[in-house]
Peer 1: 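Before we start, here is the structure in question, set down as structure tokens.
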Amino acid sequence: MRPLTEEETRVMFEKIAKYIGENLQLLVDRPDGTYCFRLHNDRVYYVSEKIMKLAANISGDKLVSLGTCFGKFTKTHKFRLHVTALDYLAPYAKYKVWIKPGAEQSFLYGNHVLKSGLGRITENTSQYQGVVVYSMADIPLGFGVAAKSTQDCRKVDPMAIVVFHQADIGEYVRHEETLT
Amino acid sequence: MGRKLDPTKEKRGPGRKARKQKGAETELVRFLPAVSEENSKRLSSRARKRAAKRRLGSAEPPKTNKSPEAKPLPGKLPKGALQTAGKKGPQSLFNAPRGKKRPAPGSDEEEEEEDSEEDGMVNHGDLWGSEDDADMVDDYGADSNSEDEEEGEELLPIERAARKQKAREAAAGIQWSEEETEDEEEEKEVTPESCPPKEEEADGGLQINVDEEPFVLPPAGETEQDAQVPDLQRVHKRIQDIVGILRDFGAQREEGRSRSEYLNRLKKDLAIYYSYGDFLLGKLMDLFPLSELVEFLEANEVPRPVTLRTNTLKTRRRDLAQALINRGVNLDPLGKWSKTGLVVYDSSVPIGATPEYLAGHYMLQGASSMLPVMALAPQEHERILDMCCAPGGKTSYMAQLMKNTGVILANDANAERLKSVVGNLHRLGVTNTIISHYDGRQFPTVVGGFDRVLLDAPCSGTGVISKDPAVKTNKDEKDILRCAHLQKELLLSAIDSVNATSKTGGYLVYCTCSITVEENEWVVDYALKKRNVRLVPTGLDFGQEGFTRFRERRFHPSLRSTRRFYPHTHNMDGFFIAKFKKFSNSIPQSQTGNSETATPTNVDLPQVIPKSENSSQPAKKAKGAAKTKQQLQKQQHPKKASFQKPNGISKGADPELSTVPSVTKTQASSSFQDSSQPAGKAKGIREPKVTGKLKQRSPKLQSSKKVAFLKQNAPPKGTDTQTPAVLSPSKTQATLKPKDHHQPLGRAKGVEKQQLPEQPFKKAAFRKQNDTPKGPQPPTVSPISSSRPPPAKRKKSQSRGNSQLLLS
């Protein structure tokens with residue numbers, strides 16, 4: 001377990017900022033304690049300092065996880081955000097997309113969101129903007145990238161993709177092994 | 001088919017034509033052999049039934065068979081005679097079964113060939129055969145009779161078919177039963193050997209089922225029997241019958257049959273009916289009274305209801321219930337004892353894949369798994385260790401109770417299952433957890449000083465048989481003991497990881513999903529002896545209390561605060577929960593042959609000798625030892641205090657305590673002797689346990705009552721002075737002592753003696769109660785015991801010693 005290097009921190013923050021923008025600051029400066037990011041086995045964990053101190057006693061090969069895993073760095077040092085970060089992205093998300101109940105299942109299986117399943121979308125969403133996907137009951141389902149800007153979404157035909165799928169909560173069941 | 005060709009058409013009547021025509025079927029038979037096969041089969045089912053009926057009735061089958069045949073084929077007789085004559089050979093084979101058993105297949109073929117001729121006839125014969133003996137006012141009665149006698153001369157086709165049927169059935173039944181067709185019911189034949197008791201029961205009248213003939217098959221025969229498919233209904237009925245008998249044994253027993261025979265029979269039947277292995281069934285029979293046993297076994301066949309726990313970090317139970325009901329799930333709150341539990345009756349959607357589940361609003365968790373966390377009651381900002389956390393249900397429950405504050409270290413030794421822990425904790429939004437992959441026994445060295453620890457130890461799984469039926473057969477003595485050993489190690493490590501001086505904590509919960517005493521009370525008792533912990537109430541107001549004694553073992557009385565749960569009483573998985581409070585961080589040294597051994601005078605078990613010898617030195621040694629003892633005891637004072645009544649006489653435990661001193665004193669005398677004999681320690685686990693017990697108990701007694709006893713009892717009981725020695729008793733001593741005591745008492749209670757070697761201290765409990773009335777006994781006992789061999793030998797063969805004592 002080690003702190004992130006500058007480079008890694010930059011890459012990661014850039015990625016996260018795509019979804020929550022400047023709210024990222026709220027992640028770091030929290031009123032209820034200092035939280036930090038730590039790297040362990042190529043995965044980035046978001047954890048409070050208190051917990052991190054205790055985890056320092058555990059040898060590296062025995063430590064499996066701590067706090068919340070945000071994502072992992074790939075072999076080429078790109079940062080990939082995992083669904084496990086959803087709990088922190090959802091409250092601070094700047095651009096949201098709501099999908100209809102009928103399209104929930106499809107999204108939870110890993111498919112992209114079509115125009116026909118689109119319920120609501122935040123105004124002035126630009127193309128390729130990171131968005132968080134919600135159900136109509138305001139349950140966060142995952143996140144993705146907007147394929148079309150809000151304007152375009154109105155014009156496009158029902159079978160067109162409007163949100164590219166990136167991560168969804170169905171992965172807890174589908175990809176349990178890859179979470180660690 | 002035409003009239004003439006139709007085999008089913010019977011030729012009846014006195015007319016010329018009936019007499020004349022054989023019937024086309026006879027011609028048919030010559031060139032349609034295949035038909036006969038099917039016909040014979042058709043014959044068989046009905047003929048079989050008839051044969052069975054006939055068998056039940058009386059030995060008149062031949063006649064009944066023949067008479068109908070005779071009727072329809074009056075005209076056939078002369079010709080039939082010709083035919084049958086030709087077939088005498090096969091028919092004689094037919095006859096063979098009558099007299100004795102013969103292998104069915106050989107003759108069957110021939111019979112079938114014969115049957116082919118008789119198809120039509122046989123059918124009719126079947127119809128008539130069983131009922132109609134009376135109706136057969138036969139002109140041909142004589143013929144049929146003669147046929148019988150002739151045995152094969154003129155068997156009408158029907159008769160032949162019927163005989164074949166009978167033979168076939170007889171052959172089937174033959175293999176294992178000698179009885180024959182005549183009087184036996186078919187079902188009975190299935191398990192004749194296995195019910196020798198039944199036979200007698202049947203004789204006794206009012207007894208159960210069927211057991212018909214009283215033939216007793218040798219054990220070899222019995223195994224053959226078992227190879228056959230047992231009739232489950234009969235077995236079930238027999239189970240119920242035996243349970244009924246045993247409930248009112250005096251009145252309903254069969255004469256000459258002992259209780260153990262019934263129990264053995266019941267055990268075998270239960271094993272057959274519920275598919276249990278012998279070992280596990282034996283364990284269960286020890287645990288439960290018979291009526292409960294059957295309920296327990298029944299409950300294990302059925303899965304427990306699906307329950308889930310609301311994740312209060314993300315939602316409320318009310319909202320979750322509403323959302324799930326909208327999806328089509330039929331659910332209810334779990335009970336008054338749980339604020340977050342819901343029980344699912346049925347669901348139109350998979351309950352483990354709803355969007356609410358994926359969003360982490362709830363977790364599927366057994367009801368009994370919620371209990372240990374409720375017992376542990378983690379507080380906010382505490383440091384908790386969960387030693388065997390997979391799949392993470394209890395860990396997440398603790399996190400939600402702590403509202404994501406503090407730290408939880410979730411550990412498991414199995415890397416595969418840790419993945420599910422990671423998944424679950426992330427899904428449920430738990431952020432205060434560290435997940436590690438250590439062997440639980442490494443714990444205090446890696447990191448310690450936790451406020452609370454939860455140990456959900458790996459176990460044999462006998463409480464969750466409904467989830468994993470393989471447990472019924474694949475567990476045996478070794479597995480249970482291995483589990484128990486591992487659990488003891490884990491528990492000691494867990495205790496060492498708790499920080500007794502924690503402001504808000506210092507608690508440990510030990511739980512298993514097993515119901516065996518070896519994995520539960522025994523392990524807890526072991527920990528009580530080995531560490532500075534005591535049991536406290538779990539805070540669960542329902543559930544059965546743990547055992548304080550079980551068969552030959554005696555446990556600490558505080559085990560009553562542990563809780564047991566059963567599938568058949570609480571409708572949740574079998575579970576055991578014990579809550580400890582650690583009151584000191586120091587680890588008591590194992591006391592084997594310490595300073596107390598300095599008093600050498602007591603040579604041996606024979607209480608007389610030691611007493612006499614000790615009495616001379618009692619005061620000095622006792623006092624000296626007493627002091628050392630007290631020092632040692634200080635460690636255990638808090639614990640003892642709770643149990644001892646200083647000068648304590650009046651409280652409930654007192655009678656025990658009061659009697660214990662006498663016991664311990666005698667034990668002390670032997671303990672002195674034994675301490676000098678290291679050999680005794682070779683005994684093994686028992687000894688440490690015994691010593692542990694002794695130490696814990698004797699100190700209690702001694703501290704509270706030492707004074708009293710020393711003063712009061714010094715004269716009559718030389719062993720009093722020896723009480724200090726008890727502190728450092730070698731285990732053998734403890735074991736020996738009980739034996740000594742047992743001898744005199746043992747006479748009265750033969751069973752106890754046998755159990756001595758195991759847990760002498762437990763016997764002490766018995767004895768205490770017995771000793772109170774017989775205060776002076778020890779001295780009286782001693783003369784007898786003096787004949788006993790020296791302690792060393794006894795240690796090694798306590799049972800032998802016991803038997804010797806018995807003999808003496």
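In what follows, chains carry the letters A, B, and so on, assigned in the order in which the sequence lines appear, proteins first and then strands, with residues in each chain numbered from 1.
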Peer 1: Which one of B:Val422, B:Thr433, B:Ile434 satisfies the side chain to side chain contact (heavy atoms under 4.5 Å, CB included) criterion with A:Ser65?
Peer 2: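 With A:Ser65 as partner, side chain to side chain contact (heavy atoms under 4.5 Å, CB included) holds for just one option, B:Val422.
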Peer 1: Counting only heavy atoms closer than 4.5 Å, note whether B:Val430 contacts chain A via side chain, backbone, both or neither.
Peer 2: backbone
Peer 1: CD/A:Glu176 to NZ/B:Lys419 distance, rounded to the nearest 0.5 angstrom?
Peer 2: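 Here the rounded value is 9.5 Å.
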Peer 1: To the closest 0.5 Å, what do you measure between CG (B:Leu425) and CG (A:Leu66)?
Peer 2: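 It comes to 12.0 Å.
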Peer 1: Report yes or no: does B:His426 contribute a side-chain atom to a donor-acceptor pair with the main-chain N or O of A:Cys69 at less than 3.5 Å?
Peer 2: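 Yes, the answer is positive, given that a donor and an acceptor are paired below the 3.5 Å cut-off.
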Peer 1: Considering all heavy atoms of both residues, which atom of B:Pro355 and which atom of A:Ile169 are nearest to each other, and what is their separation?
Peer 2: O-CD1, 4.0 Å
Peer 1: More than 12 non-hydrogen atoms from neighbouring residues, nucleotides or ligands closer than 6.0 Å to CZ on B:Arg441, yes or no?
Peer 2: yes
Peer 1: Do B:Leu428 and A:Tyr172 come close enough that some side-chain heavy atom pair is under 4.5 Å?
Peer 2: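 With C-beta onward as the side chain, the pair stays apart.
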Peer 1: Which answer fits A:Tyr45, side chain, backbone, both or neither, if we ask what part of it has an atom under 4.5 Å from a heavy atom of chain B?
Peer 2: neither
Peer 1: Can you say whether B:Leu409 sits under 4.5 Å from chain A via the side chain, the backbone, both, or neither, judging by heavy atoms?
Peer 2: side chain
Peer 1: Between B:Val446 and A:Asn57, does the side-chain contact (heavy atoms from CB on, under 4.5 Å) criterion hold? Intermediate values first, please.
Peer 2: CA-CA 7 Å; B:Val446 169; A:Asn57 297 329; 5.6 Å; no
Peer 1: Heavy-atom count check: over 12 atoms from other residues, nucleotides or ligands less than 6.0 Å from B:Arg318 CZ?
Peer 2: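 Counting other residues, nucleotides and ligands, CZ of B:Arg318 stays at 12 neighbours or fewer.
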Peer 1: Which bit of A:Ser59 is near chain B, if near means a heavy-atom gap under 4.5 Å: side chain, backbone, both or neither?
Peer 2: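 Its backbone and side chain both get close to chain B.
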Peer 1: With a 4.0 Å cut-off on N to O distance, would you call A:Glu104 and B:Arg327 a salt bridge?
Peer 2: yes
Peer 1: Go through A:Asp87, A:Val47, A:Val83, A:Val64 and name the one with the most non-hydrogen pairs under 4.5 angstrom from chain B.
Peer 2: A:Val64
Peer 1: When only pairs under 4.5 Å are counted, which of A:Thr84, A:Ile51, A:Asp32 shares the most heavy-atom pairs with chain B?
Peer 2: A:Ile51
Peer 1: Please classify the contact between A:Ile139 and chain B as side chain, backbone, both or neither, with a heavy-atom cut-off of under 4.5 Å.
Peer 2: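 It is the side chain, since no backbone atom gets that close.
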Peer 1: Checking heavy atoms, do the side chain of B:Glu356, its backbone, both or neither come under 4.5 Å from chain A?
Peer 2: side chain
Peer 1: Counting only heavy atoms closer than 4.5 Å, note whether A:Leu63 contacts chain B via side chain, backbone, both or neither.
Peer 2: both
Peer 1: Rounded to the nearest 0.5 Å, what separates atom NZ in A:Lys50 from atom CG in B:Asn432?
Peer 2: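 It comes to 8.0 Å.
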Peer 1: Would you tell me whether B:Thr431 and A:Tyr46 have side-chain atoms, one donor and one acceptor, within less than 3.5 Å of each other?
Peer 2: no
